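What you see is a predicted model; the values in this text were computed from it and never measured.
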Amino acid sequence: TLVIIDCGRSCLTLKDFSSDEIKRLLWVSGDLKHRIKHEKQYLPLLQGKSVAMIFEKRSTRTRMSTETGFALLGGHPCFLTSQDIHLGVNESCTDTARVLSGLCDIVLARVYSHSTLEELEKEASIPIINGLSDLYHPIQILADFLTLQERYGSLTGLTVSWIGDGNNVLHSFMMTAAKLGVHLRIATPKGYEPEQSIIHEAQKLSKQHGTQLVLTSDPMEAAHGSNVLVTDTWVSMGQEDEKKKRLKDFRGYQITMQTGSMAKPDWTFLHCLPRKMEEVDDHVFYSSRSLVFPEAENRKWTIMGLMVSVLTDYAPQTPLMKF
């Protein structure tokens, strides 16, 4: 059995979670998916509990996965946009954190600045979950690795190639891959590299866990010998004014079957969505190699797995996953 996650624990970044803790989260998520989706069991594990969902940025998957997942477990989700809650504007983060701590059991916050989450976590007496910040997107990465575990049967020894922007999703991959025995090959255009401090941390993790970490600006080099090709939007929310320049700088980064020709015969494709044509062509996106829709569904099972792990002492019923 794997370590139990401490009840009441926050999740701002998977950097703070050990290899065994991440495996535990994936095991609980896969277990809930099996029991609820396939065995049709009703598991009201979060009955009487509520989640405050703070959204400074809009989202399809994060909102739907949290609302439907929390409700499916018998809990009550409350959705709060910038119109409903003036985080740090009309009311300070400190006061908001203290108020919500008295009204609900957990907060999921999707914010612009990671420092907002840190401030909420410092003042709250309930768990704070990062629903996305400018620095990390941990709940996306849990979904990605559950999807790959389902597809390949095991994660150890897989090679994931990131071809795109050095953004929050990549940062989360870099904090997680080595802990699961996964090699990471990264191609970003010059000037769009991941944060230096995160590169440094990822190099340390890679050494510690005996995995490879390759950083390049050549997409074909990154794709070489890979099992999984991954990309994301090149123009994130809030970067619209940079769109023209970014599209020019990312020329040659679109994932196509030609990119895939460098990868292993069993290669698959991931994208956290929403997707645009310039990032990956239809031929790859709608092919049998594309796991984007199971990946999107797994956002729900992994957010459920995370919430159950930090709010209860739930023990999975299904055998331990092969990692």
Side-chain angles (χ1 to χ4, degrees), residues 5-13 25 28-29 32-33 36-37 42-134 136-140 142-143 168 237 272-274 296-314:
I5 309 287
D6 292 340
C7 247
R9 180 154 176 200
S10 288
C11 178
L12 304 194
T13 163
L25 291 174
V28 172
S29 304
L32 293 175
K33 183 177 183 178
I36 296 169
K37 183 181 181 180
Y42 176 53
L43 301 176
L45 301 168
L46 300 180
Q47 192 149 20
K49 296 192 187 298
S50 55
V51 56
M53 301 160 51
I54 299 173
F55 279 66
E56 290 187 336
K57 288 174 135 180
R58 66 188 181 277
S59 154
T60 304
R61 280 147 296 277
T62 304
R63 178 178 179 180
M64 285 300 295
S65 60
T66 309
E67 281 202 12
T68 57
F70 211 81
L72 194 53
L73 292 163
H76 182 76
C78 310
F79 179 66
L80 304 163
T81 67
S82 306
Q83 277 70 55
D84 307 299
I85 180 172
H86 299 153
L87 195 61
V89 180
N90 198 34
E91 184 165 28
S92 71
C93 274
T94 297
D95 293 2
T96 300
R98 291 180 183 184
V99 167
L100 291 177
S101 294
L103 297 174
C104 60
D105 301 274
I106 191 166
V107 172
L108 176 126
R110 187 179 177 93
V111 298
Y112 282 100
S113 171
H114 195 75
S115 59
T116 304
L117 290 170
E118 290 172 335
E119 204 175 326
L120 284 171
E121 205 245 344
K122 186 164 156 276
E123 296 297 337
S125 55
I126 55 174
I128 305 292
I129 305 295
N130 180 357
L132 172 141
S133 71
D134 57 349
Y136 294 111
H137 197 354
I139 55 176
Q140 179 62 52
L142 291 171
N168 49 5
M237 272 183 265
C272 66
L273 309 179
E297 184 197 330
N298 278 337
R299 287 293 308 278
K300 173 170 168 165
W301 301 108
T302 46
I303 198 71
M304 288 163 71
L306 179 58
M307 299 272 190
V308 163
S309 296
V310 300
L311 288 176
T312 74
D313 58 359
Y314 178 74

Peer 1: Just to verify, what does K49 make a salt bridge (Lys or Arg N to Asp or Glu O under 4.0 Å) with, not counting sequence neighbours?
Peer 2: none

Peer 1: Using the test salt bridge (Lys or Arg N to Asp or Glu O under 4.0 Å), find all partners of R61 that sit at least two apart in sequence or belong to another chain.
Peer 2: none

Peer 1: Between S10 (side chain only) and L12 (backbone N and O only), is there a donor and an acceptor less than 3.5 Å apart?
Peer 2: no

Peer 1: How would you list, by chain and number, every residue that makes a side chain to side chain contact (heavy atoms under 4.5 Å, CB included) with D6, sequence neighbours excluded?
Peer 2: R9

Peer 1: Please list all pairs meeting salt bridge (charged side-chain N to carboxylate O under 4.0 Å, His left out) that have one or both residues in residues 96-107, counting only residues at least two apart or in different chains.
Peer 2: R98-E123

Peer 1: Residues two or more places apart in sequence or in another chain: which of them pass side chain to side chain contact (heavy atoms under 4.5 Å, CB included) with K37?
Peer 2: K33, E297, W301

Peer 1: Could you work out, with side chain to side chain donor-acceptor pair (under 3.5 Å) as the rule, every residue matching S92, not counting sequence neighbours?
Peer 2: D95

Peer 1: Checking S50 now: which residues fulfil side chain to side chain donor-acceptor pair (under 3.5 Å) with it, not counting sequence neighbours?
Peer 2: none

Peer 1: Let me confirm one number: the SG-CG distance from C11 to L25, rounded to the nearest 0.5 Å.
Peer 2: 7.0 Å

Peer 1: Applying ring-ring contact (aromatic ring centres under 6.0 Å, His included), can you list everything that pairs with Y136, at least two apart in sequence or on another chain?
Peer 2: H114

Peer 1: Can you run down the salt bridge (charged side-chain N to carboxylate O under 4.0 Å, His left out) pairs that involve residues 73-84, sequence neighbours left out, and say none if there aren't any?
Peer 2: none

Peer 1: For E67, check salt bridge (Lys or Arg N to Asp or Glu O under 4.0 Å) against everything at least two apart and list the hits.
Peer 2: R63

Peer 1: Applying side chain to side chain donor-acceptor pair (under 3.5 Å), name anything that partners S115, two or more places apart in sequence or on another chain.
Peer 2: S113

Peer 1: Is a side-chain N or O of R110 found less than 3.5 angstrom from the main chain of G131, in a donor-acceptor match?
Peer 2: yes

Peer 1: Sequence neighbours left out, what passes ring-ring contact (aromatic ring centres under 6.0 Å, His included) with Y314? Give chain and number order.
Peer 2: none

